[in-house]
Participant: 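The structure that follows is given in the form of structure tokens.
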Number of protein chains: 2
Amino acid sequence: MTELGRRERKKLQTRQSIAEAALRLFLDRGFDDVGVKEIADTADVSVTTLFKHFPSKEALLFDEDEEQESALVEVVRNREGRSIPMALRDHFVQAAEGHADHPQFEVFQRLVLETPALREYGHRMWTRHQDALARAIAEETGAPPDDVRCAALARFALDARDVIFDRPDRARAADEVFGLLEHGWAGDRQR
Amino acid sequence: MTELGRRERKKLQTRQSIAEAALRLFLDRGFDDVGVKEIADTADVSVTTLFKHFPSKEALLFDEDEEQESALVEVVRNREGRSIPMALRDHFVQAAEGHADHPQFEVFQRLVLETPALREYGHRMWTRHQDALARAIAEETGAPPDDVRCAALARFALDARDVIFDRPDRARAADEVFGLLEHGWAGDRQR
DNA sequence: CTCAAAAAGTGCAACCACTACACTTTTGAA
DNA sequence: TTCAAAAGTGTAGTGGTTGCACTTTTTGAG
């Protein structure tokens, strides 16, 4: 256990109150119609302080990051008999279903999807995991750590999420897209 | 032939002189160390005018766009017996080789690759073609225009370029990556 | 307990990309 | 020749972001 001193507790607290204020205001009035100044005021903090905690306005909405990466690596490493693409597919489907519970998350997701700056930032954060995922895949298949095919599969799997999220029936879409990665384009339909 | 009046010629000329000034300054001192003001001054134009010709600072470096898209569609449509992934692979390899001649382009490419803002912008511009490419693929294979697999293949092919461009031996990398799209992950190496 | 140093927070001024606006100049065509 | 559209200009602003000098709080060592 990591014992947190008063200082670090307070720091975490201000950070959280900033993030909460931002989320609330953004959901209320949209990303572009809320200024950083207003967020800082709402959180009762100076603008300078806000930027000491978050590197950009967009970052106010994307807090969790390392968990996702380790989850991805874990999925690749610990998959019970399934192929890597199938394990990843299950992971994404499961994640989507897990979020479907909280209606709060749907709203958040729509905000991100409908705000170009946020969508882009989210994508950038997401694809940061490419290298880690590629290394995990390489390690798992005995390929060299910088193998091209592993890098490609990592990239494709990461981007597959975006392709799938735009579709109404996500489970079906996931099947088709990851099926493509699993069996290849030339598998069944066309030349 | 499209006859261009004096007006349109002059407009094109100022646009070009802006782009040229920008390219020269950026190559000289880097994207982040050159202000828009300086570019405008160098091109002997006001900042307002600069932004009437280009929507953003990044856009100063990415002029050609529609040609690439139509080229992609053309490649899919008019491929002599090759499968779609293979046709796209050849297209990318050929494009890379074509640029390899001009050493000027290598420098430009390094600038883009090493400047996060530019790399990102370039990627965004590039993936704009996804829909058009997906539709072309769908049409070519008789699938519905919004078929998921076609959308996925389009996206993957577009992203493949980035994966490949980072590698030293691009031809070989292209073979491996597009081979993956052609035959699928489960093709030869691992489960 | 004391005190000095580290860290968190503050306010201000500035930078930079970008826009709105009101304006002048140039140009194409009737 | 005349007139309206289009290109260009300068100014003043907005909004995100940073640098700086400063105060306050917290910590740990003596």
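Lettering follows sequence order; numbering is per chain, from 1.
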Participant: Working to the nearest 0.5 angstrom, can you tell me the gap between Leu158(B) CG and Thr127(B) OG1?
Facilitator: 6.5 Å
Participant: Could you check whether atom CZ of Arg172(A) has more than 12 heavy atoms from other residues, nucleotides or ligands sitting under 6.0 Å from it?
Facilitator: no
Participant: Kindly indicate, with the supporting measurements, whether the criterion salt bridge (Lys or Arg N to Asp or Glu O under 4.0 Å) is fulfilled by Glu182(A) and Arg89(A).
Facilitator: CA-CA 10 Å; Glu182(A) 168 95 346; Arg89(A) 180 203 59 178; over 6 Å; no
Participant: May I have the distance from Asp44(A) (atom CG) to dG9(C) (atom C1'), rounded to whole angstrom?
Facilitator: 12 Å
Participant: What pair of heavy atoms forms the shortest contact from Arg77(A) to Glu140(A), and how long is it?
Facilitator: O-OE2, 3.4 Å
Participant: Any side-chain N or O of Thr14(A) under 4.0 Å from OP1/OP2 of dG9(C)?
Facilitator: yes
Participant: How many Å lie between NZ on Lys57(B) and P on dC16(C), as a whole number?
Facilitator: 9 Å
Participant: Contacts to DNA chain D from residues 21-41 of chain B, heavy-atom cutoff under 4.0 Å, which residues?
Facilitator: none
Participant: Would you compute the distance between atom CZ of Phe26(A) and atom CG of Leu60(A) and round it to the nearest 0.5 angstrom?
Facilitator: 5.5 Å
Participant: Would a distance-only check, ignoring hydrogens and angles, find a side-chain to backbone donor-acceptor pair under 3.5 Å from Arg29(A) to Asp33(A)?
Facilitator: yes
Participant: Figure out the NZ/P separation between Lys52(B) and dA20(C), and round it to whole Å.
Facilitator: 11 Å
Participant: Examine the base of dG11(C) for any acceptor or donor lying under 3.5 Å from a partner atom in the side chain of Thr48(A), and report the outcome as yes or no.
Facilitator: yes
Participant: For Phe51(A) and Thr49(B), find the nucleotide of DNA chain D closest to each by heavy atoms; which residue's nucleotide sits nearer the 5' end?
Facilitator: Thr49(B)
Participant: How close or far is atom P of dT26(C) from atom CD of Glu8(B), stated in whole angstroms?
Facilitator: 18 Å
Participant: Just the rounded figure in Å: distance from P of dA29(C) to CZ of Arg7(B).
Facilitator: 8 Å
Participant: At the 4.0 Å heavy-atom cut-off to chain A, mark where contacts on DNA chain D begin and end, going 5' to 3'.
Facilitator: dG16(D) to dT27(D)
Participant: In whole Å, I'd like the distance from the CG atom of Leu12(A) to the C1' atom of dA7(C).
Facilitator: 15 Å
Participant: Answer yes or no: are there more than 12 heavy-atom neighbours, outside Arg110(B) itself, under 6.0 Å from its atom CZ?
Facilitator: no
Participant: Please state how far atom NZ in Lys11(B) lies from atom C1' in dT25(C), giving the value in whole angstrom units.
Facilitator: 16 Å
Participant: Is it the case that over 12 heavy atoms from other parts of the model lie below 6.0 angstrom from the CD atom of Gln109(B)?
Facilitator: yes
Participant: Does Val47(B) reach a base, just sugar-phosphate, or nothing at all? Heavy atoms under 4.0 Å.
Facilitator: nothing
Participant: What is the ring orientation for Trp126(B) with His129(B), classed by angle as parallel under 30°, tilted 30 to 60°, or perpendicular over 60°?
Facilitator: perpendicular
